[in-house]
Amino acid sequence: MFYSDPEVQMTDEEFRLIRDLIYTHCGLYFDNDSKYLLEKRLGRRLSQHQIKEFRDYYHLLKYDRNRDQELSDIMDVLTTNETYFFREAFQLKAFTSEIVPELMAAKEKKGDRSLRIWSAGCSTGEEPYTIAMLLLELGVLKDWRVEIVGTDISQRVLHQARKATYGKTSFRSTDETYINRFFQEQDGLCKINDEVRELVTISHLNLFDQNRLALLGKMDVIFCRNVIIYFDQIAKKKVVESFYKVLRDGGYLLLGHSESLMNISTAFALKHLKNDMVYQKPPTAGTGVFA
């Protein structure tokens with residue numbers, strides 16, 4: 001028999017314990033006004049585990065042998081993932097017409113013909129696949145080793161990203177020429193072709209997991225758009241500092257237009273390009289400064 005009382009309530013202490021545990025795990029922060037939201041979204045998990053009280057659920061998250069799986073599962077419940085192809089067109093224009101040519105010129109001088117790009121918080125995959133399509137459209141990287149890594153904390157959206165099959169809501173800003181070139185119709189949906197998929201690796205990653213971050217290797221560009229807005233100031237600093245370490249000197253960090261590094265870091269330079277403003281790790285970077 002499953003306990004399915006929809007009215008089970010979370011005490012203030014239970015809210016604090018669960019809220020802090022989630023925050024420590026991944027940086028996702030819920031203020032005091034979010035108690036009702038957390039209570040409702042996690043209430044179903046109590047039913048699934050045949051648990052009557054949130055205190056027992058906290059102990060499951062804290063001590064159960066399957067705690068890692070449960071923490072992974074509730075990320076699907078607690079996070080919203082809304083994205084689409086070719087989002088924030090001005091920034092993408094800056095990427096293709098200004099950032100990529102600059103990086104190519106700098107790397108060719110060093111005899112390095114590789115380009116590594118990280119889409120952090122890639123959700124259902126539209127962003128890393130957009131990057132791949134843009135690079136293929138440029139046609140200047142044919143003799144280069146190009147790798148695009150898309151990561152997210154939610155296994156559910158990563159499953160969709162690996163399927164690489166999308167409905168019409170994902171194409172609200174997509175030019176017909178890209179659809180014709182890079183997609184094939186399949187059961188009323190659009191599936192990305194192999195030419196694009198071969199450039200993209202989709203992987204699970206918690207931005208707070210320093211061991212996994214260390215395995216990523218150095219990146220030339222990091223896209224992290226509309227992700228850090230869900231973190232508090234301390235968590236933002238921690239994640240941005242990780243980005244700084246992962247980026248090669250002269251590499252770029254592209255945030256969402258509603259995000260900035262104000263009061264977070266002075267280690268990056270705000271660079272005014274023709275098409276957009278972006279952050280760059282100085283070409284001769286030192287240790288960096290985090291406010």
Side-chain angles (χ1 to χ4, degrees), residues 1-11 13-31 33-83 118-128 149-167 170 200-213 215-216 224 226-232 235 238-239 242:
M1 178 178 178
F2 288 86
Y3 300 102
S4 57
D5 180 5
E7 301 304 321
V8 60
Q9 293 185 346
M10 182 184 287
T11 66
E13 183 186 7
E14 289 165 348
F15 168 71
R16 180 183 60 78
L17 288 169
I18 294 173
R19 184 266 310 270
D20 291 352
L21 187 150
I22 292 169
Y23 175 75
T24 302
H25 172 65
C26 67
L28 195 61
Y29 180 71
F30 295 91
D31 60 24
D33 293 334
S34 302
K35 178 186 169 185
Y36 178 80
L37 182 148
L38 205 63
E39 178 182 279
K40 290 303 176 186
R41 292 193 178 182
L42 294 182
R44 296 174 187 171
R45 304 302 299 175
L46 272 67
S47 173
Q48 290 177 20
H49 290 287
Q50 304 183 49
I51 293 173
K52 286 185 177 181
E53 298 179 355
F54 278 103
R55 179 173 291 277
D56 294 329
Y57 184 65
Y58 167 75
H59 281 278
L60 183 152
L61 291 175
K62 183 81 172 174
Y63 303 112
D64 194 89
R65 64 180 181 180
N66 296 317
R67 64 180 296 273
D68 290 339
Q69 182 60 52
E70 181 63 16
L71 283 166
S72 176
D73 289 345
I74 65 173
M75 290 303 105
D76 295 336
V77 177
L78 298 176
T79 55
T80 4
N81 300 278
E82 198 274 338
T83 186
W118 177 19
S119 169
C122 72
S123 187
T124 44
E126 285 93 334
E127 181 174 271
V149 180
T151 68
D152 203 281
I153 196 170
S154 167
Q155 294 283 10
R156 177 180 56 83
V157 297
L158 291 174
H159 176 70
Q160 178 62 40
R162 293 187 183 104
K163 284 176 61 179
T165 304
Y166 299 92
S170 294
V200 178
T201 301
I202 301 294
S203 181
H204 179 261
L205 179 67
N206 178 351
L207 293 176
F208 266 38
D209 188 337
Q210 295 299 314
N211 293 327
R212 289 291 307 280
L213 281 168
L215 298 175
L216 272 179
C224 185
N226 306 308
V227 174
I228 65 171
I229 53 174
Y230 298 106
F231 298 157
D232 71 350
K238 183 175 181 178
V239 169
S242 296

If you round to the nearest 0.5 Å, how far is [atom2] of [Y] from [atom1] of [X]?
X: Leu21; Y: Cys26; atom1: CG; atom2: SG; result: 9.5 Å
X: Ser154; Y: Ile74; atom1: OG; atom2: CD1; result: 11.5 Å
X: Cys224; Y: Trp118; atom1: SG; atom2: CH2; result: 7.5 Å
X: Ile18; Y: Lys35; atom1: CD1; atom2: NZ; result: 11.0 Å
X: Asp33; Y: Leu38; atom1: CG; atom2: CG; result: 13.0 Å
X: Tyr29; Y: Asp20; atom1: OH; atom2: CG; result: 8.0 Å

Exercise. Counting only heavy atoms not in His159, do more than 12 fall under 6.0 Å of its NE2?
Worked result: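 Incorrect, the count does not exceed 12.
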For this session: Go through the steps for Glu13 and Arg55 under the test side chain to side chain contact (heavy atoms under 4.5 Å, CB included), then give the verdict.
Result: CA-CA 9 Å; Glu13 183 186 7; Arg55 179 173 291 277; 2.7 Å; yes
Problem set entry | side chain to side chain contact (heavy atoms under 4.5 Å, CB included) between Asp232 and Asp31, worked out | CA-CA 9 Å; Asp232 71 350; Asp31 60 24; over 6 Å; no
Any idea which heavy atoms bring [X] and [Y] closest together, and the distance?
X: Leu207; Y: Val239; value: CD1-CG1, 4.1 Å
X: Val227; Y: Ala120; value: CG2-O, 3.7 Å
X: Cys122; Y: Leu158; value: SG-CD2, 4.0 Å
X: Arg162; Y: Ile202; value: NH2-O, 3.6 Å
X: Ile153; Y: His25; value: CD1-NE2, 4.4 Å
X: Gln9; Y: Phe54; value: O-CD1, 3.6 Å

Using modelled atom types only, decide if a donor and an acceptor are shared between the side chain of [X] and the backbone of [Y] within a distance under 3.5 Å.
X: Arg19; Y: Phe30; result: yes
X: Thr11; Y: Glu14; result: yes
X: Ser242; Y: Lys238; result: yes

Identify all side-chain donor-acceptor contacts of residues 58-65 below 3.5 Å with residues at least two apart in sequence or on another chain.
residue : atom : partner : partner atom : Å
Asp64   : OD2  : Asn66   : N            : 2.8

For this session: Apply salt bridge (Lys or Arg N to Asp or Glu O under 4.0 Å) to Arg41 and list each qualifying residue two or more places apart in sequence or on a separate chain.
Result: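 Arg41: no salt bridge (Lys or Arg N to Asp or Glu O under 4.0 Å) contacts found.
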Problem set entry | Candidate list Tyr57, Phe15, Tyr36, test side chain to side chain contact (heavy atoms under 4.5 Å, CB included), partner Met10, passing option |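 Filter result, single survivor: Phe15.
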Problem set entry | Contacts of type ring-ring contact (aromatic ring centres under 6.0 Å, His included), residue Tyr166, not counting sequence neighbours |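 With neighbours one apart ignored, the set is Phe85.
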For this session: Take Ile22 and Met75, measure what side chain to side chain contact (heavy atoms under 4.5 Å, CB included) needs, and give me the verdict at the end.
Result: CA-CA 9 Å; Ile22 292 169; Met75 290 303 105; 4.2 Å; yes
Exercise. Regarding Glu126 and Thr83, is there a side-chain donor-to-acceptor distance under 3.5 Å anywhere?
Worked result: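 Checked: Glu126/Thr83 side chains show no N/O donor-acceptor pair below 3.5 Å.
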Exercise. So, do Leu42 and Leu78 sit near enough that their side-chain heavy atoms are less than 4.5 Å apart?
Worked result: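 Yes, close enough: below the 4.5 Å cut-off.
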For this session: Could you walk me through whether His204 and Ser72 pass the side chain to side chain contact (heavy atoms under 4.5 Å, CB included) test, one step at a time?
Result: CA-CA 10 Å; His204 179 261; Ser72 176; 4.2 Å; yes
